[in-house]
Amino acid sequence: MSGLRVRGLLALSATALGAYYLGSRTERLQQSSDVFPRLPGLPTFGTVSAASLVASNVNLTATPSRISEIMKFGFPGLDNVRSHSDYVLSYDRRNRIPHWVFEHLTAESVAKNDSVDRSKCDFKPDESIHPFFRSQNTDYRKSGFDRGHMAAAGNHRLHQKHCEETFYLSNMAPQVGQGFNRDAWNSLEMHVRKLTKSYSNVYVCTGPLYLPHKEDDGKMYVKYEVIGSNTVAVPTHFYKVIVGEAADHKLHMEAYVMPNKVISNDTPLNVFQVPPETVERAAGLLFFDQINRNQLASINGRKV
DNA sequence: TTTACTGT
């Protein structure tokens, strides 16, 4: 193999690794301590009980193994990817909100945990985003919109740090509060958590949409409000594409699109189900593209 | 329950 070809391969693998690692704020500093977490007595593995291993096995940094677990079925896109200890995000600099966030949930990770207190978490600007593209709390203040989590706080109850990491403003998008974020959207988030009761693993991708509509001149336009001095985009809709992995390893996909507006509380969730391809075309993303098609058993509850 | 706001 020629030296040139070897260099090319090395550059390629560095790029692939970069996709996993881009922008994660702590792993370069803490990687070595995380590969060997605080287990006194290591490296004599036999001296560590299984119980203490489980207790200390909560990843507190974005380790390669956790990221590849979350992203098992592929990246929807590769724009400004950031990895956190329990979720992965792609940031849209132009709109100052995420393109997508990816989470992996289990019954254990969403179980009620009294040691994790949401009220102790503060919404905070993400210093890892260039100031030109970073949203601030003042952008949202008196805007009339909630700072709506894309990766939901309630999905990250294994550790206080996991919960806190969902409060970066890079994980927020302006959402109608009463009637949407605190109601229909919250119901959808609770539905996703409930799926961990039927599936051993739940993978969920969440993000904004800016959908076109026809105006009086008969032409199609995309129109959305922007808020604050950083002109944070207010999406017209939000989506969730979900995959549940059953005990038999069959995969079940659901996709939802909800308008960012007051939704009557008596509206059933299935009203918002759409073909996953519809979301992909609207978002410019490909979801779960690494799934083996013959593993996919159902889409929106219908056999495929 | 969980989601957050504004005003102090």
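The chains referred to below are lettered A, B, ... by the order of the sequence lines, with proteins before strands, and numbering in each begins at 1.
Here B:dT3 presents its C1' atom at 9 Å from NE2 of A:His149, a figure rounded to the nearest Å. Between A:Asn265 atom CG and B:dT1 atom P the separation is 16 Å, expressed in whole Å. Spacing between atom CD of A:Gln178 and atom C1' of B:dT1 amounts to 14 Å, rounded to whole angstrom units. Separating the CZ atom of A:Arg141 from the P atom of B:dG7 is a distance of 11 Å, rounded to the nearest angstrom. When the C1' atom of B:dT1 is taken as reference, atom CG of A:Asn155 falls 14 Å away, rounded to whole Å. We find that CZ of A:Phe145 is positioned 16 Å from C1' of B:dT3, with the value rounded to whole Å. Atoms CG (A:Asp114) and P (B:dT1) sit 13 Å apart, rounded to a whole Å. Rounded to an integer number of Å, the gap from CG of A:Asn113 to P of B:dT2 is 12 Å.
A perpendicular orientation is assigned to the rings of A:Tyr203 and A:Phe73, their planes being inclined by more than 60° (bins at 30° and 60°).
Using a 4.0 Å heavy-atom cutoff across all strands shown, A:Gln175 reaches no nucleic acid atom at all. A:Asn186 comes within 4.0 angstrom of a base, heavy atoms only. Residue A:Gly148 is classed as a sugar-phosphate contact, given heavy-atom separations below 4.0 Å to backbone atoms only. Residue A:Gly154 is in sugar-phosphate contact alone, with no base atom involved, counting any heavy-atom pair closer than 4.0 Å across all strands shown.
In this structure, A:Arg182 does not reach the B:dC5 phosphate: none of its side-chain N or O atoms is under 4.0 Å from OP1 or OP2. Between B:dT2 and A:Arg157, a contact under 4.0 Å exists linking OP1 or OP2 to a side-chain N or O.
A distance below 6.0 Å separates the ring centres of A:His149 and A:Phe167.
Residue order along DNA chain B, read from the 5' end via each residue's closest nucleotide, puts A:Lys112 first among A:Lys112 and A:Tyr140.
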Run the ring-ring contact (aromatic ring centres under 6.0 Å, His included) test on A:Tyr91 and A:His99 for me, step by step, so that the C-alpha distance in whole Å, both residues' side-chain angles and the decisive distance to 0.1 Å come before the verdict.
CA-CA 5 Å; A:Tyr91 191 72; A:His99 288 299; 8.1 Å; no
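By the 6.0 Å and 45° rule, A:Arg96 does not stack over the aromatic ring of A:Phe133. Remark: A:Lys124 qualifies as a cation-pi partner of A:Tyr168 under the 6.0 Å distance and 45° angle criteria applied to the six-membered ring.
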